[in-house]
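Report on one structure; see the data block that follows.
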Amino acid sequence: MILLALLGCPRGGPAVTLEADPAALLGRARAEAVPGAIYAPFSAVLAMKDNRVAAGGNVVVVAPDRFRVELRGPIGPPQLVVACDGDMVRAYLAPKNLFVEASADAGLATVLGAEGGDGARVATSLLLGRVPMLPGEPTLVSSPPGLQWSRADGAAFSVVLDAATAHLAAARANDTAGRPLLDATWTPGAFPGALNVTIPSLTVSADVKFGEWSPASPSDAAFVLLKPEGAETRSLVP
């Protein structure tokens with residue numbers, strides 16, 4: 001990931017040096033106000049174990065720990081819905097009539113390589129391209145500027161920070177054997193312009209391009225997904 005070191009200003013104005021010190025960027029990230037409820041449409045290419053889907057959808061996020069993602073085909077109802085109410089994460093894959101339900105901590109935190117963290121908060125931060133809150137203090141990485149959380153068992157979660165915004169440019173998580181659990185890159189901004197993410201344990205990857213992010217006012221019910229009658233139920237964690 002190439003990080004800009006210098007931003008050109010209009011003629012007559014001074015050049016502005018972008019902050020490349022990871023400690024300063026971490027301080028900015030932690031001091032940033034939590035955004036209110038926000039919504040964006042998106043287009044995505046979703047690759048799963050046995051099929052590949054190009055579709056549009058929308059995402060609603062209420063920091064620090066609630067979100068709903070819907071992926072739609074050309075016609076008809078949503079083909080994939082994922083909702084998290086802060087405690088539980090639930091998903092429904094319509095073509096397979098498959099329903100998934102798990103606690104955010106035991107489910108989301110594990111598949112994202114953030115075991116021991118608050119899974120709902122970590123997932124919400126990643127959707128917004130913000131630095132996640134993980135247990136312990138991270139090690140500062142200078143080039144490119146970033147952070148790394150390492151566990152005694154060898155597992156690690158690392159991020160690269162965008163020098164202009166102190167938001168995420170990339171993230172990677174490995175398990176105790178060094179195998180990747182999460183590999184993601186963002187197009188940073190006030191809110192992400194794009195997100196490319198791979199989660200090997202779920203055999204899924206997504207290439208997402210977001211439209212304009214706008215304020216939203218979802219009801220609490222938007223973040224609770226009910227199991228459709230007759231749907232097969234599976235665990236989130238393989």
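The figures that follow rest on heavy atoms only: side chains count, while hydrogens, waters and symmetry mates do not. All values reported here derive from a predicted model rather than from experimental measurement.
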Would you indicate whether the side-chain heavy atoms of [Y] and [X] approach each other to under 4.5 Å?
{"X": "Phe223", "Y": "Val62", "answer": "yes"}
{"X": "Pro200", "Y": "Thr198", "answer": "yes"}
{"X": "Leu128", "Y": "Phe67", "answer": "no"}
{"X": "Met88", "Y": "Ser103", "answer": "yes"}
{"X": "Leu140", "Y": "Leu147", "answer": "yes"}
{"X": "Leu182", "Y": "Leu126", "answer": "yes"}
{"X": "Leu71", "Y": "Gln79", "answer": "no"}
{"X": "Lys209", "Y": "Thr187", "answer": "no"}

Work out which heavy atom in [X] is nearest to a heavy atom in [Y]; give both atom names and the distance.
{"X": "Gly129", "Y": "Pro192", "result": "N-CG, 3.8 Å"}
{"X": "Ala170", "Y": "Trp186", "result": "C-CZ3, 3.6 Å"}
{"X": "Ala94", "Y": "Pro78", "result": "CB-O, 3.8 Å"}
{"X": "Leu26", "Y": "Leu161", "result": "N-CD1, 4.2 Å"}
{"X": "Pro180", "Y": "Asn174", "result": "CA-OD1, 3.6 Å"}
{"X": "Gly136", "Y": "Trp149", "result": "O-NE1, 3.3 Å"}

Common cluster, [X]/[Y], ILVMFWY with side-chain heavy-atom separation under 4.5 Å:
{"X": "Val159", "Y": "Ile199", "result": "yes"}
{"X": "Val208", "Y": "Val69", "result": "yes"}
{"X": "Leu127", "Y": "Val204", "result": "yes"}
{"X": "Phe99", "Y": "Met48", "result": "no"}
{"X": "Val100", "Y": "Val111", "result": "yes"}

Glu101 vs Leu225, side-chain contact (heavy atoms from CB on, under 4.5 Å): CA-CA, chis, key distance, verdict: CA-CA 9 Å; Glu101 182 177 42; Leu225 190 62; over 6 Å; no
Atom [atom1] of [X] and atom [atom2] of [Y]: how far apart are they, to the nearest 0.5 Å?
{"X": "Cys84", "Y": "Arg68", "atom1": "SG", "atom2": "CZ", "result": "12.0 Å"}
{"X": "Phe191", "Y": "Glu212", "atom1": "CZ", "atom2": "CD", "result": "11.0 Å"}
{"X": "Leu181", "Y": "Leu112", "atom1": "CG", "atom2": "CG", "result": "9.0 Å"}
{"X": "Ser205", "Y": "Leu46", "atom1": "OG", "atom2": "CG", "result": "7.0 Å"}
{"X": "Thr233", "Y": "Leu98", "atom1": "OG1", "atom2": "CG", "result": "8.0 Å"}
{"X": "Leu80", "Y": "Leu93", "atom1": "CG", "atom2": "CG", "result": "6.0 Å"}

Residue Arg151 excluded, over 12 heavy atoms near CZ under 6.0 Å: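 It does: Arg151 CZ has more than 12 such atoms within range.
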Verdict with reasoning, Trp213 to Val59, per side-chain contact (heavy atoms from CB on, under 4.5 Å): CA-CA 9 Å; Trp213 291 83; Val59 56; 3.9 Å; yes
Selection residues 129-139 - residue pairs positive for salt bridge (Lys or Arg N to Asp or Glu O under 4.0 Å), sequence neighbours left out: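 Passing the test, one end in residues 129-139: Arg30-Glu137, Glu32-Arg130.
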Can you name the salt bridge (charged side-chain N to carboxylate O under 4.0 Å, His left out) partners of [X], sequence neighbours left out?
{"X": "Lys96", "result": "Asp50"}
{"X": "Asp175", "result": "Arg179"}
{"X": "Asp118", "result": "Arg121"}

Worked check of side-chain contact (heavy atoms from CB on, under 4.5 Å) between Val53 and Val45: CA-CA 6 Å; Val53 178; Val45 176; over 6 Å; no
Main-chain N/O of Gly119 paired with Asp105 side-chain donor or acceptor, under 3.5 Å: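 The answer is yes, because a donor-acceptor pair under 3.5 Å joins these two groups.
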Qualifying ring-ring contact (aromatic ring centres under 6.0 Å, His included) pairs, either residue in residues 154-180, two or more places apart: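 Passing the test, one end in residues 154-180: no pairs.
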Sequence-distant partners of Asn97, side chain to side chain donor-acceptor pair (under 3.5 Å), two or more places apart: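 With sequence neighbours excluded, Asn97 shows a side chain to side chain donor-acceptor pair (under 3.5 Å) to Tyr92, given in chain and number order.
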Residue pair Val141, Ser158: steps toward the side-chain contact (heavy atoms from CB on, under 4.5 Å) verdict: CA-CA 9 Å; Val141 180; Ser158 61; over 6 Å; no
